[in-house]
Amino acid sequence: MIDYLWLLIAIPLLGSLTLILFGRRFGEPAAGWFASALVVIPFFFALAMALPFIGGAESETVYVFSWIPMVGANASLLWDPLSALMSLIVTGVGALIHIYSVGYMHGDERYTRFFSYMNLFIASMMTLVLADNFGLMFVGWELVGLSSYLLISFWFSKPSAAAAGKKAFVVNRIGDWGFLVALMMIFAAFGTLDFGIVFSEAHGALTVGMATAITLLLFVGAAGKSAQIPLYIWLPDAMEGPTPVSALIHAATMVTAGVYMVARAAALFEMAPVSQGVVATVGALTALLAATIAIGQRDIKRVLAYSTVSQLGYMVMAVGLTAFTAGIFHLMTHAFFKALLFLGAGSVIHAMSDEQDMWKMGGLRKIMPITFGTMAIAWLAISGVFPFAGFWSKDEILGAAFGRGGGYLVLWAIGVLTAMLTAFYMTKLIIITFFGEKRWDKGAHPHESPFTMTIPLIVLAVFSAFAGLWNTPWRLGLEHFLEPAFEGVHQAHPPEGLALWTLALISLAVVAVGMFVAYLRYGRREELPVEEGGYWNAALNAYWVDDFYGKVIVLPGKAVATWLAMFFDMKVVDGIVNGLAVVTRSFGSSMRVLQTGWVRSYGAAIVAGSLGVILWLLLQGGAF
Amino acid sequence: MELSLLIALPLLGALVVGLLPKERTELVFPVALGVSILPLGVSLWIMVNFVSGESVFQFTEDYVLSETFGIGWRLGVDGISLWMIVLTGLLMTLSIAASKSITDRTKQYMVAMLVLEAGLLGVFLSLDLLLFFAFFEIVLVPMYLLIGIWGGENRAYASIKFVLFTAFGSIFLLVGIIVLAITAGDAVGAPTSFDFRTMLSLDLSSTTQLWLFLAFGVAFAIKVPIFPFHTWLPDAHTEAPTAGSVILAGVLLKMGAYGFLRFNLTFFPGASVDLAEIIGIIGVIGIIYGAAVAIVQPDVKRLVAYSSVSHMGFVMLGIFALTSQGLSGGVFVMISHGLTTGALFLLIGMIYERRHTRLIADYGGLAKVMPLYAGVFLFMAFASVGLPGLSGFVGEFAVLLGSYLTLPVLAIIAGSGVILAAVYLLWAYERMFTGPVTNPKNEGLSDLDFREIAILVPLIVIIIGIGIYPKPILDRIEPSVEIILDRIEATTDYEAPEFGRIDEIVDPRDVVIESAGHDDDTGEHGDEEGSE
Amino acid sequence: MNNASFLAVAPETVLLLGALLVIIAGVMLERSRAEWGFIAVLSFVVAMVLSVLQWRAVDTLVEEGSDLLFFSARNVPVLRIPMVVMDHYSAFAGFVIFTVGLLGLGAVWGLVKRVKTRGVELVTLILLAFAGLHMMTMSANIIMLFLGLETASIAFYVIAGFTREREESDEAAVKYFLLGSLASAIFVYGAAMLFAATGSTSFYGAGGMKDFFASTIIGEPGVLLLGIGFVIVGLGFKVSAAPFHQWAPDVYQGAPTGAVGFMAAGVKVAGFAALGRILIGALPSQIDNWAPILAILAGISMIIGTALAAVQGDVKRILAYSGVAHAGYIMMAFLAGEAGIGAMWFYVSMYALTLVGTFAIASVVSRNTPGRSDLDGWSGLSRRSPELAWAMLILLLAMGGIPFTAGFISKLTVFTAAADAGYLWLVILALLTTVVGLYVYFRVAAKMFLGSAEEDAPSLEPSTVLRLVLAVVVVGTIVFGVNPWPLLDLVREALPL
Amino acid sequence: MTVTIGWYMILAAVLFSMGAAGVLMRRNALVMFMSVELMLNSVNLTFIAAGNELGLIEGQVAALFVMVVAAAEVTIGLAILVAVFRRRATANVDALSELKG
Amino acid sequence: MVEIVVFGVFALVALAGAVVMITAKNPVYSAMGLLSTMFAMAIFYVMLDAHFVAAIQILVYAGAVMTLFLFVIMMIGVDKQEDTAESIPFQRGITFVVALGLAVVIILAGRQAWITGSDAFGTPDMVGTIEAVADSLFGNWTIAFLSTVFLLTIAAVGTVALALFGPTAVRDIDGEEGT
């Protein structure tokens with residue numbers, strides 16, 4: 001069975017190709033169901049293969065075919081608990097979102113194309129997850145970027161969508177460059193990119209300095225994909241894509257690839273304390289920064305986007321702390337509740353005829369009970385309310401930070417602060433969207449979404465509620481499950497005993513504070529507060545970071561390119577070339593003057609020439 | 001005989017096309033297309049029958065033309081040239097198929113194309129320096145005509161610039177060849193010898209190597225083209241007719257890189273090692289510069305042309321990394337660049353036939369009007385950007401990993417080329433294909449027709465195919481590359497990194513055609529072994 | 001005198017007889033062109049055959065170890081001065097020259113028809129001129145060589161001014177004549193100096209120049225050097241090497257187009273053959289003296305020739321200036337001494353072919369507007385007459401030295417010879433000018449293929465004779481470009497004694 | 001002091017140079033041509049003087065041939081000049097400068 | 001001594017004739033100058049034992065050639081007074097420098113030895129006799145002598161060809177190459 005592991009990739013890929021080539025014949029909604037089926041099947045397949053791990057089965061490598069053998073990059077797959085878990089998340093959440101999309105994308109003229117891209121994404125993500133070497137991982141890494149590009153700019157007629165897609169790809173490429181350089185270093189050090197060799201020989205083959213360099217560069221890649229400072233700017237723009245895309249790619253799965261990669265390379269990160277510090281710090285700062293921005297957003301999807309960035313910050317912080325299990329744990333829970341949030345938001349947007357401004361919603365609670373109910377669960381989960389999933393995973397991260405002690409205590413503090421902010425803005429979102437007055441535009445007729453959309457919401461809500469119970473301090477199910485993947489890696493853990501309880505209480509306390517403040521500010525009044533100027537303006541514009549990049553990098557870059565192209569290349573480099581031609585021609589023209597047409601001057605040339613010839617001969621021949 | 005046949009077929013084809021009756025113009029296109037399939041078939045036949053890992057040059061032919069001057073009809077194909085001829089055959093057929101819109105002097109056009117094909121094939125198959133140079137030069141003529149007669153507005157300037165620029169390089173090549181031939185002649189007691197084999201056995205001093213390397217290098221550098229010898233390229237590419245651009249980018253540029261591989265590295269290993277870093281730097285400048293300049297080009301053909309400069313920079317970097325991966329990767333980039341850039345030019349040609357403009361600004365929102373076209377274009381753009389799973393990635397990846405081993409800083413800088421590549425192609429795509437249809441002239445454009453699809457599908461299939469499973473190609477490239485490396489290691493102090501290299505070391509003298517004269521070098525053989 | 005010795009002058013005799021027969025048939029018997037034209041053709045053909053026979057006779061003679069190579073040295077011991085030499089050199093030169101003559105006759109046939117009654121004189125002059133050209137190459141005596149030179153030159157002066165209805169033709173004739181006489185005087189002064197320096201006018205034989213230098217080293221080389229210098233100048237003028245080239249463009253432009261081809265080609269072949277005869281046949285020992293100045297003249301010729309050709313607006317002038325450059329390239333062959341003779345032969349014979357061909361085409365193109373040879377008249381030739389355009393293209397490529405034309409092999413062999421002789425700087429210079437030369441030729445090609453024809457330009461139909469000439473020239477250019485090896489091996493044997 | 005070969009040679013050299021100067025200075029085609037004849041005469045003098053010094057008859061014979069050539073050249077040359085300049089009613093060669101560049 | 005005087009006198013005559021030839025404004029005077037130079041030459045030939053050549057010099061050159069020249073001068077009948085002012089830039093200067101340079105260089109080159117050849121095969125007895133010339137001309141030089149037939153034929157044919165082209169012929173040729 002394990003020999004057919006490649007089917008996990010092949011099946012959705014087949015679906016994608018089929019839909020691209022023959023999509024029109026499928027029509028709507030057959031294409032959607034077909035695509036969904038091709039994700040559901042791998043899910044159950046993966047599930048069947050993952051179950052033995054619970055019984056402590058061995059990790060396995062499946063060689064499929066040789067790809068670029070000379071750099072040690074082959075199409076061979078790794079099936080260990082980590083990749084199994086990721087596979088399940090990807091196919092599981094993916095399947096739900098596919099099903100959701102069947103309804104959500106109803107009526108779109110490129111319906112089948114959407115599903116073919118979605119299937120392509122699943123295949124790419126599975127490649128990333130299942131790769132057993134950095135080369136193949138990079139393939140998946142880039143292909144998810146492609147899918148992301150295609151899906152963000154799915155509605156390409158909107159210039160903003162097209163631009164957002166390009167931006168996502170280009171910013172990701174900046175990260176990829178780091179990844180690529182890391183791969184060069186790994187290859188130079190090990191002569192192969194194979195995980196098995198690299199991780200097992202890392203201690204012998206790498207110095208700490210090299211390990212630090214490699215891991216930092218890997219993290220540059222991760223920062224691109226997982227939207228960390230300073231490369232997070234693409235993610236909010238990526239919301240231009242259809243909402244299921246945001247849910248699947250830009251919340252649940254793709255953006256967590258960076259976290260997964262760092263976790264995968266745990267053996268390397270473990271060797272490089274400096275890198276750990278950097279990663280954790282960047283994660284923490286990203287979490288805080290994104291949370292502060294999320295507070296000021298009015299667009300429901302952008303709130304969720306910044307929230308995603310923020311949550312990714314947690315995960316990155318976790319893996320930076322070497323609390324890899326905690327990172328993956330949060331990755332998993334986040335996949336559930338954030339997908340749920342997005343799908344819920346999608347449901348709302350769908351209902352509001354594509355209105356995304358929360359300020360124009362309100363009072364939807366009664367009209368959309370299922371959406372509201374499920375989203376509320378997600379709200380509690382993300383805020384970290386006991387016993388929802390987010391509580392367990394987030395607390396484990398904070399605990400780990402606290403457990404590392406020293407400078408990491410600052411990170412813990414930031415994490416706690418972020419938790420409070422998270423509770424605040426999520427509460428704000430829920431209140432503004434679902435409670436209070438109806439602030440709809442004319443012509444809006446909100447309604448509950450069809451069952452294809454609500455069923456996935458319900459399923460996700462269940463997971464959002466209970467997934468955290470898999471890895472509680474009493475029963476470290478996930479940690480145990482993942483043990484083979486992190487074999488030999490020393491992980492950071494939360495403190496035990498009283499400290500753990502104290503920390504949990506602190507967390508719960510700040511969450512409560514956050515929620516309460518939000519309630520005070522938004523829930524109690526008839527009129528929503530005016531949020532303009534000062535901080536609100538800055539937050540709404542995401543602190544003008546985009547503008548800053550535009551002015552500092554993009555504009556000068558373009559100016560340099562223009563100068564190179566229009567002046568340097570055309571006038572200098574080519575100018576020299578054309579100049580040579582001009583010189584030659586003008587030499588010819590000036591020589592032309594000598595050809596006077598007068599026979600006597602020709603004669604003079606002949607006689608003078610002979611004088612020259614004999615002079616030369618005599619001088620050279622020594623006759624003088 | 002196969003190789004002679006391969007060169008002869010297009011020429012015979014040209015004759016057939018040329019002799020078609022004047023009034024039967026409608027026959028020209030189908031006949032030319034049919035004729036162009038033959039060399040493709042032969043090259044595929046050779047590909048299939050090429051035995052990977054056996055003696056390096058296969059299908060060799062060796063007929064002495066002039067005993068006195070040491071000139072021979074010496075042909076052979078190795079793992080590098082194999083792919084070049086297949087590429088040539090393929091792109092030729094496709095670009096002839098894409099030339100349906102040529103209505104002016106069609107016959108002369110097709111003759112020029114077929115002669116061009118013969119010349120290109122000759123370049124890659126020659127194992128005699130004179131023969132090589134002859135083919136190398138003759139290519140200029142049909143290309144000149146293609147650009148000059150059937151080109152765009154500024155064709156006269158572009159075509160003559162192309163000819164003069166490349167001919168300027170060739171003169172140094174000729175000087176180098178003459179000097180080498182005289183030296184080789186001394187070795188065998190004839191006035192000259194142009195035999196690859198004889199030249200290989202020369203023991204040149206390091207100064208001689210340096211000068212000859214430069215002489216050969218300038219010619220190839222211009223052909224590649226390496227910054228700052230690239231300015232002929234955008235002009236020629238832009239003004240050339242579609243097929244011309246395709247062949248120019250797809251095959252012609254490869255002649256330069258091929259020359260570096262086949263001659264510079266082999267004949268002048270010492271100088272190659274000494275100059276590797278400098279050429280690597282120039283290659284990296286080319287990568288970044290080409291990409292940066294491409295970003296702001298208003299003309300989409302110029303944009304792709306500059307992207308060629310960038311891609312060929314990867315090839316140069318890979319070659320002069322002097323590692324197994326770098327060299328193999330470089331060759332692979334050559335193949336892939338031929339396919340993807342060729343395809344991009346084909347695509348641009350298709351839209352040009354509809355709209356008669358190459359300015360990006362004249363388009364916008366095409367994806368709405370021509371979804372299929374847009375899809376293929378995007379596919380090719382990503383292939384060109386180096387998306388994994390497509391052909392472009394394999395080569396660039398190998399080049400980068402390989403060159404990091406010896407030229408780490410350069411490899412890191414070169415890596416940033418992948419960012420710029422994404423910028424220029426995706427931005428161009430964004431401006432041309434996305435957003436609303438702004439220009440009313442674009443509204444009524446028809447999507448790809450059957451012929452156009454038929455041209456593009458093989459390319460798409462191959463690009464995906466060799467991107468996912470490049471092994472058959474790499475397997476054939478690698479032994480040939482190993483020979484080059486082994487020779488460099490045998491004659492200089494340089495030692496290539498061992499990662500991923502083939503174990504069995506082929507005797508460097510097996511590089512040459514298997515024929516008499518083998519015993520002469522026995523003495524040298526001993527020396528080489530001693531130094532190993 | 002036995003047969004072999006008479007064979008040496010047989011081609012001249014045949015041509016003289018042919019000329020006289022043409023006059024008799026044409027003027028006295030008032031026969032039609034078809035008849036005396038046939039005689040002229042036959043004369044050239046027989047002369048060509050005789051050249052082949054000469055070659056074979058030399059083979060036999062060399063095998064027998066005979067010294068019967070001198071026409072007049074055998075049985076009369078008291079006569080010590082050989083006048084004529086029959087060797088591979090002269091035999092090959094003869095074949096090339098007579099081929100050029102035959103092709104030239106074909107190319108000029110249109111003109112012959114046009115000038116009506118004067119056609120007889122024209123053909124007679126051509127026959128005699130080519131006899132003179134061959135005399136230059138077979139001379140064993142510098143006075144004999146001078147006679148041949150003047151024979152050809154005087155005939156060409158007349159031919160240059162033959163189409164007198166055009167004022168340029170007048171000018172061409174006067175310029176050619178005045179400057180030609182000046183150069184002849186300089187040449188013969190050089191001959192006198194050589195006589196004074198060596199005590200002989202002959203190259204070979206006992207006491208001849210070669211023999212003299214074999215036994216003597218001249219302590220005071222002043223007069224000898226003067227002789228060498230003036231001889232080089234005189235012949236340099238004939239082959240239009242810079243700075244003695246200025247007549248060439250004006251004369252080429254003014255002279256009747258159809259005739260320029262064989263005039264230029266014939267003089268180049270014979271001029272270089274004569275130069276080789278003197279420098280390498282008679283004065284090989286002085287190579288250290290004459291080679292450097294030849295290299296300098298070669299360099300100047302290339303630079304001036306190409307630079308000026310690049311800025312011309314008239315095809316005939318372009319070809320003239322490119323001829324200057326080619327003279328420079330051919331001179332490079334001499335730098336290698338005897339080893340370069342083969343290269344010289346190959347180059348000069350192939351160049352002669354292309355010259356005849358290009359001017360033949362030019363004569364057709366300028367037909368409708370007499371004397372018109374400016375580039376614009378060539379615009380769009382590929383539409384007016386694709387055959388002519390492609391033929392011209394191939395010839396231009398040959399001149400540019402593009403592979404698979406004879407021109408490439410020519411350049412290659414010449415450059416190799418020069419490089420072998422150590423003149424690498426000259427080779428590089430030559431190659432640089434070759435590139436500019438490509439610009440020159442491609443410029444013409446661009447006019448033909450890229451330019452658009454004038455509205456009323458009629459399509460061109462070359463005559464059958466001309467087609468034949470062009471076919472021979474083009475096929476020759478390509479055949480010797482693709483498979484030059486037999487010829488190369490042959491010319492390596494065509495050495496002066 | 002006797003008249004040595006050198007005297008003749010120097011005289012010939014001077015005459016040759018004067019002939020050359022004549023060609024370059026005069027614009028009358030006939031006088032130019034006369035100057036060429038002067039040059040040929042000086043060549044003859046050189047030949048004969050050298051032949052005399054060497055004791056060789058060849059010098060004289062060579063001079064004779066030069067004369068023959070000169071005669072033929074004169075015939076054709078004058079024919080050309082007559083033909084050309086009769087039409088123009090001038091013998092000024094400077095007028096013939098249409099072809100240039 | 002007599003020899004020197006004769007040489008000196010006729011050298012002066014020759015030079016004076018040459019000077020007159022290249023400076024006279026009237027071409028007739030130029031012809032006269034050349035004529036006197038030729039006469040002086042003949043005298044030198046006699047002094048150098050080349051009696052036959054001297055005779056030919058008088059007969060052919062002074063007699064026939066110069067007559068022809070004068071005839072042509074009369075026939076063209078114009079430019080009696082040539083404007084000797086130079087119209088071509090630098091021409092005078094170049095002429096002066098070049099001609100002077102030529103003379104100086106030639107003389108300098110020969111100052112050591114004008115004759116470096118050997119007369120090992122010479123026939124001194126026969127020098128100066130017409131028999132010797134004849135012997136040579138019809139012996140060794142037969143071929144050369146015969147070769148002059150080409151020159152003479154060309155001279156004849158060429159003159160005819162040029163002369164045949166009358167004013168009527170101007171019109172009948174409108175182009176060069178016909179089909």
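Order of the sequence lines sets the chain letters (A, B, ...), proteins ahead of strands, with each chain counted from 1. Bear in mind the structure is a predicted one, so any value in this text is a computation, not a measurement.
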How many angstroms lie between [atom1] in [X] and [atom2] in [Y], if you round to the nearest 0.5 Å?
{"X": "D/Leu56", "Y": "D/Phe47", "atom1": "CG", "atom2": "CZ", "result": "11.5 Å"}
{"X": "E/Phe10", "Y": "E/Ile43", "atom1": "CZ", "atom2": "CD1", "result": "4.5 Å"}
{"X": "D/Met9", "Y": "E/Ile106", "atom1": "CE", "atom2": "CD1", "result": "10.5 Å"}
{"X": "E/Tyr61", "Y": "E/Phe69", "atom1": "OH", "atom2": "CZ", "result": "9.0 Å"}
{"X": "E/Met38", "Y": "E/Met66", "atom1": "CE", "atom2": "CE", "result": "5.5 Å"}
{"X": "E/Leu108", "Y": "E/Arg111", "atom1": "CG", "atom2": "CZ", "result": "5.5 Å"}

Proximity breakdown for [X] and chain E, heavy-atom pairs closer than 4.5 Å:
{"X": "D/Ala50", "answer": "both"}
{"X": "D/Leu45", "answer": "both"}
{"X": "D/Asp94", "answer": "side chain"}
{"X": "D/Leu30", "answer": "both"}

Specify the closest pair of heavy atoms between [X] and [Y], including all atoms of both residues, with the distance to one decimal.
{"X": "E/Tyr29", "Y": "E/Ala24", "answer": "CB-CB, 3.5 Å"}
{"X": "D/Arg26", "Y": "E/Ser30", "answer": "NH1-OG, 3.5 Å"}
{"X": "E/Val46", "Y": "E/Ala54", "answer": "CG2-CB, 3.6 Å"}

Report which part of [X] has an atom under 4.5 Å of a heavy atom belonging to chain D: side chain, backbone, both, or neither.
{"X": "E/Leu15", "result": "both"}
{"X": "E/Val105", "result": "neither"}
{"X": "E/Phe145", "result": "both"}
{"X": "E/Ile115", "result": "side chain"}
{"X": "E/Met21", "result": "both"}
{"X": "E/Gln91", "result": "side chain"}

Under a 3.5 Å distance rule, please check whether [X] uses its side chain to pair with a backbone N or O of [Y] as donor and acceptor.
{"X": "E/Gln57", "Y": "E/Phe39", "value": "no"}
{"X": "E/Thr37", "Y": "E/Ala18", "value": "yes"}
{"X": "E/Ser136", "Y": "E/Val133", "value": "no"}
{"X": "E/Trp114", "Y": "E/Gly110", "value": "yes"}

Residue among [options] with most heavy-atom pairs under 4.5 Å to chain D:
{"options": "E/Ala156, E/Ala31, E/Gly33", "answer": "E/Ala31"}
{"options": "E/Val60, E/Val6, E/Leu68", "answer": "E/Leu68"}
{"options": "E/Leu137, E/Ile154, E/Leu152, E/Ile107", "answer": "E/Ile107"}

Between [options], the one whose heavy-atom pairs under 4.5 Å with chain E are most numerous:
{"options": "D/Thr46, D/Ile48, D/Asn44", "value": "D/Ile48"}
{"options": "D/Ala63, D/Ala49, D/Gly59", "value": "D/Ala49"}
{"options": "D/Leu81, D/Ile5, D/Val23, D/Thr4", "value": "D/Ile5"}
{"options": "D/Val61, D/Leu24, D/Ile10, D/Asn41", "value": "D/Asn41"}
{"options": "D/Leu64, D/Thr75, D/Val74", "value": "D/Leu64"}

>> Does E/Ile56 form a side-chain contact (heavy atoms from CB on, under 4.5 Å) with E/Tyr45? I'd like the steps, not just the answer.
In response: CA-CA 10 Å; E/Ile56 299 290; E/Tyr45 296 166; over 6 Å; no
> Considering heavy atoms only, which positions within residues 94-103 of chain E lie below 4.5 Å of chain D?
Replying inline: E/Thr95, E/Ala99, E/Leu102, E/Ala103
>> Is it the case that over 12 heavy atoms from other parts of the model lie below 6.0 angstrom from the CD atom of D/Glu98?
In response: no
